[in-house]
Amino acid sequence: MPTTDPQAPVPQARRPKAGGPHDAGGPQAPVDGVVFREALRHHGGGVAVVTVAGEDGPRGFTVTSLTAASLHPPLLSFYVNHDSRSWPALKAADHVGVHLLGAAHRDLAALFARRGADRFAPPTRWRVGVGGVPLLADATIRMVCARREVVPVGDHFLVVAEVVDVERNGAGGDPLLYAHGEFGRWVPIGEAPGAPIDALELADTVDR
């Protein structure tokens with residue numbers, strides 16, 4: 001019967017052959033944040049607006065990091081910058097509003113991404129919903145979510161929330177997307193594109 005000799009030398013893992021792009025004899029330094037952001041401009045994402053009630057009034061910001069995290073229970077997640085002006089309100093809130101936008105809501109997405117803007121002043125239309133959450137009238141889908149977890153990740157916080165209510169507006173057209181620093185409209189492959197949406201350069205789609 002085969003046995004293992006406790007005194008036998010432990011086989012060492014083979015090192016990659018020298019000469020590869022990542023062979024520098026040690027751990028690699030991360031790429032510069034500007035380089036990373038430029039790379040991610042090629043990754044298109046859906047556009048949503050997150051809202052929350054704060055002590056000094058409603059807060060909200062545009063995100064492209066919204067992800068369906070689970071169906072049972074219904075969980076979604078998004079990221080927020082650690083120095084976001086909305087973070088104190090979000091940290092203290094029990095509920096948040098998540099709004100999915102259509103191509104017709106490009107101006108709304110731009111407003112909630114713009115630094116220093118009075119985002120809830122006219123022409124923004126909103127009302128107070130379940131849990132005191134500010135709900136935007138001009139959104140294709142409105143969801144009220146109970147905040148469940150917050151995880152620090154680098155210079156952001158990952159927020160996980162459970163969907164407790166969904167309202168369907170139905171207006172807004174095709175989903176609004178964000179890529180290459182611009183807003184765009186979703187078009188199925190093989191179909192002729194519709195009327196283009198004017199490009200709008202944004203430094204970031206997360207509230208600072």
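Interatomic distance, CG of Leu135 versus CZ of Arg125, reported as 13.0 Å (0.5 Å rounding). The NE2 atom of His156 lies 8.5 Å from the CG atom of Asp83; values are rounded to the nearest 0.5 Å. Of the inter-residue distances, the one linking Leu100 atom CG with Leu66 atom CG reads 6.5 Å to the nearest 0.5 angstrom. Separating the CG atom in Leu101 from the CZ atom in Arg106 is a distance of 13.0 Å, to the nearest 0.5 Å.
Ser70 contributes no side-chain N or O that, together with a main-chain N or O of Ala68, makes up a donor-acceptor pair within less than 3.5 Å. Of the possible donor and acceptor atoms, one in the side chain of Arg142 sits under 3.5 Å from a partner among the backbone N and O of Leu136. With hydrogens and angles ignored, the 3.5 Å screen pairs no side-chain donor or acceptor of Ser86 with any backbone N or O of Arg59. In this structure, the side chain of Arg119 does not engage the main chain of Thr124 through any donor-acceptor pair within 3.5 Å.
With respect to Arg127 and Glu167, a salt bridge is recorded, a charged nitrogen being found less than 4.0 Å from a carboxylate O.
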Worked check of side chain to side chain contact (heavy atoms under 4.5 Å, CB included) between Val150 and Trp87: CA-CA 11 Å; Val150 174; Trp87 170 241; 3.5 Å; yes
Verify side chain to side chain contact (heavy atoms under 4.5 Å, CB included) between Arg85 and Phe61, making sure each step is shown before the conclusion. CA-CA 9 Å; Arg85 287 171 294 178; Phe61 52 96; over 6 Å; no
Take Cys145 and Val164 through the test side chain to side chain contact (heavy atoms under 4.5 Å, CB included) and record every step on the way to the result. CA-CA 5 Å; Cys145 308; Val164 297; 5.9 Å; no
Check step by step if side chain to side chain contact (heavy atoms under 4.5 Å, CB included) holds for His99 and Ile141. CA-CA 6 Å; His99 305 76; Ile141 300 291; over 6 Å; no
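Taking Asp32 as the reference, nothing meets the side chain to side chain donor-acceptor pair (under 3.5 Å) condition, with sequence neighbours excluded.
In terms of hydrophobic clustering, with Ile, Leu, Val, Met, Phe, Trp and Tyr side chains grouped at heavy-atom distances under 4.5 Å, Met143 and Val63 are assigned to a common cluster.
Checked against a 6.0 Å centroid threshold, the rings of Phe112 and Phe120 count as neighbours.
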